[in-house]
Amino acid sequence: MNSIPDMYTLFSENFNLDYTLDCGQVFRWDLIDGWWTGVVNGHVARLQQDKGSGEVLVDCSLPKCFFENYFRFDDDLDSILQEVNKDKFMNEAINKYMGLRLIRQDPWECLISYMLATAWSIPNIKRAISMMCRNYGDEIEDGYYSFPEPHALVHACDDDLRACKLGFRGGRVIKAARHVEDGNLVLDDIFQVDYEEAKQRLMFLEGIGEKVADCILLFAFEKMEAFPVDTHVEKVVKTVYGHHEYFNGNATKSKIGNWGRMYFGRYCGYAQQYFFYQKRLEGI
DNA sequence: ATGAGC
DNA sequence: TCATC
């Protein structure tokens, strides 16, 4: 018995689905037979972009407005990129990867995902999250699992999570779930407070340092001024901008974060993601 | 700390 | 040994 597919199209000026889903900000999407397939908001989704028209064909029971919000179609990407286009190097990244948009991720899923990301490369993170969802999420379609809610992870024991090969990260996930479940950390409140205060609240959790906090703040909490400095961004900035007076010959990670905010301005988070993607694909 | 790759 | 969104 065939069910009627929920198909519709999605469109925004200046949107590249491949760059957006491949750039390393999300871990639940895979390109399968030409369709980006993933689980979002408890639903399986399959997306394919027409290279000519730019229209995205969507096969998912979530409404169009969900994806318009998810892909931040409310961001005027042209003016944002214009604003962060400060020099020749940035201009090159922008021109190459034009259409890469930040994604508005679910706060809880984003928090746990980046907690798991510590000292792992993207393929490892994807594998671990997928295993965790298989063991603690709900099966929503054959072989596809939702991201586990806090209560499901609170009741996980260390050994079970070790079976997901989370290593030292397992205990941190359980503790974070408990903080959220107990109301010590109210994720919705993070939206209300400013960047610095939000960062402090996240860094209160074990396993969340400055870089992880910045990723979560940028990808889930609307803090565009977050400028996550990982190994890639660190190398790029040191190589390309290391001579700037600002660094005084000493470009630490924390200084790089502050520099990014100052140099690129309020949309530095976008600039950072273009750098990150370019560095991953092309090296330096 | 751990996995990929040499 | 190297790299780790």
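The sequence lines fix the lettering, A, B, ..., with proteins before strands; numbering per chain opens at 1.
With rounding to whole Å, A:I125 atom CD1 is found 15 Å from B:dT2 atom P. The CD1-C1' distance, from A:I122 to C:dA3, rounds to 12 Å in whole Å. We find that CG of A:L116 is positioned 14 Å from C1' of B:dA1, with the value rounded to whole Å. Atom CD1 in A:I284 sits roughly 16 Å away from atom C1' in C:dA3 (whole-Å rounding). At whole-Å resolution of the value, CD in A:E206 and C1' in B:dA1 are 14 Å apart. Distance A:D230 CG to C:dC2 P: 19 Å, rounded to the nearest Å. The interatomic distance linking A:K126 (NZ) with B:dA4 (C1') rounds to 16 Å, in whole Å. If you measure from atom CH2 of A:W120 to atom C1' of B:dA4, you get 14 Å, rounded to the nearest angstrom.
Between A:Y241 and A:Y246, the distance from one ring center to the other does not fall under 6.0 angstrom.
For A:T231, no side-chain nitrogen or oxygen approaches OP1 or OP2 of C:dA3 to under 4.0 Å. A:H232 has a side-chain polar atom (N or O) that falls below the 4.0 Å cut-off from OP1 or OP2 of C:dT4. Residue A:K235 places at least one side-chain N or O closer than 4.0 Å to OP1 or OP2 of C:dT4.
Ion pairing between A:E139 and A:R134 fails under the 4.0 Å rule for side-chain N and carboxylate O. In summary, A:D214 and A:K199 engage in a salt bridge, as defined by a charged side-chain N under 4.0 Å from a carboxylate O.
When heavy atoms are screened at a 4.0 angstrom cut-off, A:Y114 is found touching base atoms of the nucleic acid. As judged by a 4.0 angstrom heavy-atom cut-off over every strand, A:F27 is placed among residues touching the sugar-phosphate backbone only.
Of the listed nucleotides (C:dT4, B:dA1, B:dG3), B:dG3 has the atom at the smallest distance from the side chain of A:N124. Considering only the side chain of A:R127, B:dA4 comes nearest among B:dT2, B:dA4, C:dT4.
The line from CZ of A:R104 to CZ of A:F67 is 14.5 Å long, rounded to the nearest 0.5 Å.
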Under the side chain to side chain contact (heavy atoms under 4.5 Å, CB included) criterion, do A:C60 and A:M7 qualify, and how do the steps go? CA-CA 7 Å; A:C60 182; A:M7 288 269 213; over 6 Å; no
